[in-house]
There are 2 protein chains.
Amino acid sequence: MTKKLLLKDIAKLAGVSEMTASRALRGAPDVSAKTKAKIEEIARSHGYVPNRIAGSLSSQSVNLVAVVVPSLNSFVFPEVLSGISAVLKESPLKPVVGVSGYDLEEEESVIREMLSWRPSGLIVAGLEHTEATRRMLQQADCPVVEAMDVDGDPVRHCVGISHLQAGREMAEQILARGYRSIGFIGTKMPQDFRARKRFDGFTDGLAAQAVTLADLEHYSGESSIQTGRQMTAQMLSRSPDLECIYYSSDVMSVGGLMHCLAAGLSVPGDIALAGFNNLQILQGLPLQLATTDACRHEIGERAARIILKSRETGGAEGLVFDRLTPAISLGETL
Amino acid sequence: MTKKLLLKDIAKLAGVSEMTASRALRGAPDVSAKTKAKIEEIARSHGYVPNRIAGSLSSQSVNLVAVVVPSLNSFVFPEVLSGISAVLKESPLKPVVGVSGYDLEEEESVIREMLSWRPSGLIVAGLEHTEATRRMLQQADCPVVEAMDVDGDPVRHCVGISHLQAGREMAEQILARGYRSIGFIGTKMPQDFRARKRFDGFTDGLAAQAVTLADLEHYSGESSIQTGRQMTAQMLSRSPDLECIYYSSDVMSVGGLMHCLAAGLSVPGDIALAGFNNLQILQGLPLQLATTDACRHEIGERAARIILKSRETGGAEGLVFDRLTPAISLGETL
DNA sequence: TCCGGTATCGATAACGGTTGCGATACCGAT
DNA sequence: ATCGGTATCGCAACCGTTATCGATACCGGA
């Protein structure tokens with residue numbers, strides 16, 4: 001809580017100019033090893049922390065990458081983040097996270113806030129934005145990546161998987177195994193566009209073989225095991241003839257499995273189950289649940305690499321459109 | 001991707017001085033409603049995003065609160081974060097997250113990095129830091145809160161629960177139910193100090209009634225259902241007479257429960273289980289697992305309130321030491 | 001001894017806003 | 001018409017650091 005310590009103070013203490021002190025502390029060249037050591041020692045012992053606000057303004061560079069995701073509770077985005085961090089670790093860049101809460105208006109204000117710090121890059125989940133957000137993404141003088149989804153019209157770079165296709169493929173797999181009476185349990189959240197696309201892809205896939213959903217339920221609030229269990233119980237009591245349920249998230253399908261365990265239903269004998277994401281929590285359960293891997297870590301890695309490369313080349317590299325193919329794992333519940 | 005847009009450009013377009021434009025866009029007084037509207041319209045239509053780096057340097061104020069946590073994957077810290085966000089939402093402050101990866105050296109560098117942005121406050125998980133970190137926390141000219149834990153010597157403000165006590169109380173509850181052959185499964189992570197304290201408290205609690213651990217296992221890597229299941233299987237095959245297992249995390253105890261389900265063991269008849277955290281994933285399982293609530297959301301809220309209050313009063317308020325009492329819920333597995 | 005070249009350092013001018021205070025315009029009251 | 005007061009605006013200095021470029025010191029070779 002002592003007086004504010006400035007570079008000028010350190011310089012004075014070391015008997016050098018501000019410039020030399022600045023260079024020494026940044027590891028810039030043109031400083032002799034001796035004076036550098038001296039300056040570092042003084043700075044360290046006095047607990048000097050350089051003011052990066054001033055530094056960034058002056059150098060016109062901010063070594064931060066803005067990452068905007070809908071939520072941090074949902075198991076899925078932290079893993080995208082860890083992919084990003086892993087790649088950025090080898091560079092001077094650091095990720096900074098913003099949370100939009102599955103709300104496009106909030107997303108707009110979060111992105112505006114982040115861009116006002118002039119980051120070196122921006123990674124945002126999803127392709128759906130307000131018009132004002134799209135304008136900002138276009139105008140931004142840093143690389144911009146829209147991640148996780150490829151079904152839509154990206155403003156600039158894009159990495160992700162097709163959720164439409166993921167839904168469709170799961171439908172095909174389910175039909176291929178002979179199930180015909182099929183239910184769907186998904187989020188009501190109007191702005192979870194990727195869940196919506198999986199739903200659309202799924203019903204498309206069914207329709208292609210002239211099958212329509214036997215039952216359908218939407219829940220509000222975040223996905224949870226608890227909710228999955230309740231919804232499943234509800235749906236099965238309403239539609240006892242159901243042969244298979246597809247959930248918009250693994251968390252929900254785990255809940256479904258829990259209901260079946262409690263109700264003494266055999267899976268997939270009495271009822272087949274499938275989810276989406278291939279979350280970590282699927283490991284270690286009594287049964288290996290069917291799911292589609294969402295490539296979360298890899299999407300994060302690739303998004304970060306796009307930022308890095310675009311920085312090197314000065315953005316003259318052309319736009320990346322990177323569509324990953326998610327792998328279905330059938331597990332033991334189909 | 002047009003030319004960089006500066007305040008001066010907006011001012012020119014609106015036919016006013018930079019100052020007036022600045023005031024208008026910040027909602028500062030001394031601007032007529034008419035000119036303000038005009039300036040805002042021009043800024044909006046051109047997609048102008050003010051440069052907060054320059055603004056913050058000039059105004060000597062950054063409306064950010066740095067939050068440093070060990071991990072974002074672990075279910076527990078996102079909830080602390082949501083508590084912080086909820087409280088900060090009513091203020092101009094925004095949280096910025098840094099991840100230390102359960103590594104004090106990394107924590108030091110993350111904190112240094114965050115402080116270099118001169119935030120309005122700093123919230124960090126845990127009381128254990130390197131000496132250099134402690135110096136920085138002392139020196140920082142913003143309020144600092146150490147959160148989640150109260151067993152130790154806080155540098156400034158502090159909110160949390162006693163993990164020593166949480167472990168001890170769980171030991172008492174377990175003993176009170178007559179269990180005597182007790183195992184513990186915990187993380188090997190040397191720098192997960194809170195898990196360590198729960199372990200110490202737990203063995204203390206047992207020792208107080210002359211009981212010693214019948215078996216003990218430490219795993220490395222992050223906690224997961226999978227690991228919990230494997231460790232439990234391992235321990236039970238090694239110590240078949242075990243009556244109860246205490247885990248350092250709910251995620252692990254869920255894995256234990258899964259093993260018991262798969263192995264046809266009755267819980268708590270054959271083996272009793274207890275975890276820690278009261279995580280959301282406990283809801284919806286076949287059995288309600290015993291656990292201790294870690295007050296994550298509330299800790300976040302209180303930490304944020306300390307920052308807010310300390311800002312109002314200019315830090316002249318005296319240090320807060322806020323010890324919450326975690327509630328044990330015995331569930332159906334003890 | 002003198003010279004060119006390199007290593008090391010410092011003075012100055014930004015960087016893009018905001019604070020503080022002074023200037024101007026406009027109003028009703030005298 | 002003059003005046004005091006308020007609403008509105010602009011000028012200049014400054015925030016703390018870094019880029020740029022010029023200055024100085026030092027070295028080996030001619």
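Numbered from 1 within each chain, the chains take letters A, B, ... in sequence-line order. Note: hydrogens, waters and symmetry copies are ignored here, and every other heavy atom, side chains too, is used.
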Which part of the nucleic acid does A/Leu6 contact within heavy-atom distance under 4.0 Å: base, sugar-phosphate only, or nothing? sugar-phosphate

Enter the distance from B/Lys12:NZ to B/Leu6:CG here, rounded to the nearest 0.5 Å. 9.5 Å

For C/dG10, does OP1 or OP2 lie under 4.0 Å from any side-chain N or O of A/Ser17? yes

Could you give the CG-to-C1' distance, from A/Asp30 to D/dA25, as a whole number of Å? 14 Å

Please state whether the phosphate of D/dG16, meaning OP1 or OP2, lies under 4.0 angstrom from any side-chain nitrogen or oxygen of A/Tyr48. no

Nearest of D/dT17, D/dT18, D/dG10 to any side-chain atom of B/Thr20? D/dG10

Whether B/Lys4 contacts C/dG16 is assessed here as follows: a side-chain N or O lying under 4.0 Å from the phosphate OP1 or OP2. Is that the case? yes

Can you tell me if the side-chain N/O atoms of A/Ser58 get under 4.0 Å from OP1 or OP2 in D/dT17? no

How far does OG of B/Ser56 sit from CG of B/Asn63, to the nearest 0.5 angstrom? 7.5 Å

OP1 or OP2 of C/dG17 sitting under 4.0 Å from any side-chain N/O of B/Arg52? no

Starting at atom CZ of A/Arg26, determine the distance to atom P of D/dG16, rounded to an integer number of angstrom. 17 Å

Measuring to OP1 and OP2 of D/dT17, would you say a side-chain N or O of A/Ser22 lies under 4.0 angstrom away? no

Write down the atom of B/Asn51, the atom of B/Ile53, and the distance for their closest heavy-atom approach. OD1-N, 2.8 Å

Nearest whole angstrom, please: distance from the P of D/dC15 to the CD1 of B/Ile53. 18 Å

Is the shortest distance from a Lys or Arg side-chain nitrogen in B/Glu40 or B/Arg44 to a carboxylate oxygen in the other one below 4.0 Å? no

NZ of B/Lys34 versus P of C/dA25: gap in Å, rounded? 16 Å

Do NZ/NE/NH1/NH2 and the carboxylate oxygens of B/Glu41 and B/Lys38 come within less than 4.0 Å? no

A/Ala21 vs B/Ser56, nearer the 5' end of DNA chain C by closest nucleotide: A/Ala21

Distance criterion of 3.5 Å, no angle test: do you see the side chain of B/Arg23 paired donor-to-acceptor with the base of C/dG17? no

Atom CG of B/Leu5 and atom C1' of C/dG16 are separated, to the nearest Å, by 13 Å

With a 4.0 Å limit, can you tell me whether A/Ser32 has a side-chain N or O closer than that to the phosphate oxygens OP1/OP2 of C/dA7? no

What integer distance in Å separates A/Met19:CE from C/dA13:C1'? 12 Å

Calculate, to the nearest 0.5 Å, the distance between atoms SG and CZ belonging to A/Cys142 and A/Arg311 respectively. 10.5 Å

Nearest-angstrom distance from the residue atom NZ of A/Lys12 to P of C/dA11: 12 Å

Output yes when at least one side-chain N/O atom of A/Gln60 is less than 4.0 Å from OP1 or OP2 of D/dT17, else no. no

Tell me whether the OP1 or OP2 atom of C/dC9 has a side-chain N or O from A/Thr35 closer than 4.0 Å. yes

Write down the distance between CZ (A/Arg118) and P (C/dG17), rounded to a whole number of angstrom. 7 Å

